[in-house]
Peer 1: 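Encoded as structure tokens, here's the structure I'll be asking about.
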Amino acid sequence: MLLALKFIATLTAAIFAGAALYVNLVEQPARMTLDTRAAALEWAPAYARGTWMQAPLAIVSFLSGLGAWWSGGGVGWALAAMLIGAVVPFTFLAIMPTNQLLLAPGRDLASPETRVLLERWARLHAVRTVLSLASTMLYLALALLR
């Protein structure tokens with residue numbers, strides 16, 4: 001059971017990290033080459049779809065990592081779980097206000113303020129990327145060192 005929990009925690013954190021890194025290095029920079037209105041129109045459905053993929057990955061990794069710790073895997077598994085688990089409250093507390101502004105009815109999607117919000121969203125998303133990469137690296141180190 002411990003091996004399965006470690007595998008699931010590591011795999012789901014790595015998938016999350018890969019997707020998050022793709023958004024920061026490829027999708028968002030490409031989006032920002034568009035005019036602001038087009039970038040905002042593309043961002044909304046992309047974010048909605050990404051949420052349904054990434055939220056479950058973060059939660060499964062968090063719970064599996066805690067399960068590995070609880071099953072005797074060592075405190076490092078709990079630490080890695082906390083890193084990936086932190087993306088969920090960070091999203092609600094730090095990113096959601098920006099999302100709500102971007103999705104507000106009546107927003108002028110072509111405005112300079114919308115562009116600033118899209119740039120802010122990218123910086124905030126980078127925090128999730130760093131947290132998930134750190135979690136993945138720790139999970140992998142723990143798995144390989146045992």
Side-chain angles (χ1 to χ4, degrees), residues 1-34 36 38-105 107 109 112-146:
M1 181 59 120
L2 178 57
L3 185 60
L5 289 168
K6 289 178 177 182
F7 177 79
I8 292 167
T10 305
L11 178 65
T12 52
I15 294 170
F16 183 104
L21 190 61
Y22 173 84
V23 168
N24 278 116
L25 296 181
V26 178
E27 184 179 342
Q28 184 70 5
R31 178 183 297 131
M32 296 307 285
T33 65
L34 303 171
T36 303
L41 285 171
E42 194 282 332
W43 173 85
Y47 183 76
R49 290 179 69 92
T51 298
W52 287 106
M53 179 187 147
Q54 288 195 290
L57 288 169
I59 292 166
V60 169
S61 183
F62 170 69
L63 294 174
S64 299
L66 286 182
W69 163 71
W70 185 261
S71 299
V75 71
W77 289 90
L79 178 58
M82 292 298 167
L83 288 168
I84 191 71
V87 303
V88 176
F90 181 79
T91 298
F92 282 111
L93 297 173
I95 298 177
M96 199 61 71
T98 299
N99 293 353
Q100 290 170 341
L101 290 171
L102 282 166
L103 297 170
R107 161 161 294 290
L109 296 180
E113 180 187 346
T114 297
R115 189 146 202 102
V116 168
L117 289 170
L118 287 168
E119 291 166 351
R120 178 189 312 158
W121 181 88
R123 287 190 305 275
L124 292 169
H125 179 75
V127 173
R128 292 191 294 202
T129 301
V130 169
L131 288 168
S132 63
L133 286 170
S135 174
T136 300
M137 297 302 286
L138 182 53
Y139 278 146
L140 285 171
L142 292 165
L144 295 174
L145 294 176
R146 295 279 173 176

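Residue numbers run from 1 in the order of the sequence given. Heavy atoms only: backbone and side chains are in, while hydrogens, waters and symmetry mates are out.
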Peer 1: Specify the closest pair of heavy atoms between Arg31 and Ala46, including all atoms of both residues, with the distance to one decimal.
Peer 2: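 So the minimum-distance heavy-atom pair works out to NH2-CB, 3.5 Å.
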
Peer 1: Could you go through residues 85-101 and list every donor-acceptor pair under 3.5 Å that involves a side-chain atom there, pairing it with any protein atom two or more places apart or in another chain?
Peer 2:
{"residue": "Thr91", "atom": "OG1", "partner": "Val87", "partner atom": "O", "Å": "2.6"}
{"residue": "Thr91", "atom": "OG1", "partner": "Arg128", "partner atom": "NH1", "Å": "2.9"}
{"residue": "Asn99", "atom": "OD1", "partner": "Trp121", "partner atom": "NE1", "Å": "3.4"}
{"residue": "Asn99", "atom": "ND2", "partner": "Tyr47", "partner atom": "OH", "Å": "3.0"}

Peer 1: Look up atom CG in Leu57 and atom CD1 in Ile15, then write down how far apart they are to the nearest 0.5 Å.
Peer 2: 6.0 Å

Peer 1: Is the backbone N or O of Phe16 less than 3.5 Å from a side-chain atom of Gln54, with the two atoms forming a donor-acceptor pair by type?
Peer 2: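 It does hold such a pair.
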
Peer 1: Between atom CD of Glu27 and atom CG of Leu21, what is the distance when rounded to the nearest 0.5 Å?
Peer 2: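 Reported to 0.5 Å precision, the distance equals 12.5 Å.
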
Peer 1: Over all heavy atoms of both residues, which pair between Ala17 and Leu133 is shortest? Give the atoms and the distance, please.
Peer 2: CB-CD2, 3.7 Å

Peer 1: Quick one: closest heavy-atom pair of Thr51 and Pro56, and the distance?
Peer 2: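 In terms of heavy atoms, the two residues are closest at O-CD, 3.8 Å.
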
Peer 1: Report yes if some heavy atom in the side chain of Thr10 is under 4.5 Å from a heavy atom in the side chain of Trp77; otherwise report no.
Peer 2: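 Yes - at least one pair of side-chain heavy atoms lies under 4.5 Å apart.
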
Peer 1: State, to 0.1 Å, how close Leu5 and Ala68 come at their nearest heavy-atom pair, and which atoms those are.
Peer 2: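 Where Leu5 meets Ala68 most closely, the heavy atoms are CD1-N, 3.8 Å.
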
Peer 1: Hey, what do you get for CG (Leu140) to CG (Leu11), rounding to the nearest 0.5 Å?
Peer 2: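 Here the rounded value is 10.0 Å.
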
Peer 1: Got a second to check how far Leu102's CG is from Arg120's CZ, nearest 0.5 Å?
Peer 2: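 CZ of Arg120 is found 8.5 Å from CG of Leu102.
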
Peer 1: So do the side chains of Leu142 and Lys6 get within less than 4.5 Å of each other, counting heavy atoms only?
Peer 2: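 Leu142 vs Lys6: side chains apart.
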
Peer 1: Quick one: which of Glu113, Glu42, Met32 gives a side chain to side chain contact (heavy atoms under 4.5 Å, CB included) with Leu118?
Peer 2: Met32

Peer 1: If every non-hydrogen atom of Ser61 is compared with every non-hydrogen atom of Ala9, which pair is closest and at what distance?
Peer 2: OG-O, 2.8 Å

Peer 1: Under 3.5 Å, side chain of Ser132 to main-chain N/O of Ala13, donor-acceptor pair present?
Peer 2: no

Peer 1: May I ask you to test the Met82-Leu66 pair for a side-chain heavy-atom distance under 4.5 Å?
Peer 2: yes

Peer 1: With sequence neighbours excluded, what pairs up with Arg115 under the side chain to side chain donor-acceptor pair (under 3.5 Å) test?
Peer 2: Thr36

Peer 1: When rounded to the nearest 0.5 angstrom, what distance separates CG in Leu34 from CH2 in Trp43?
Peer 2: 15.0 Å

Peer 1: Identify the heavy atoms of Ser135 and Ile84 that sit nearest to each other, and give their distance.
Peer 2: OG-CB, 3.5 Å

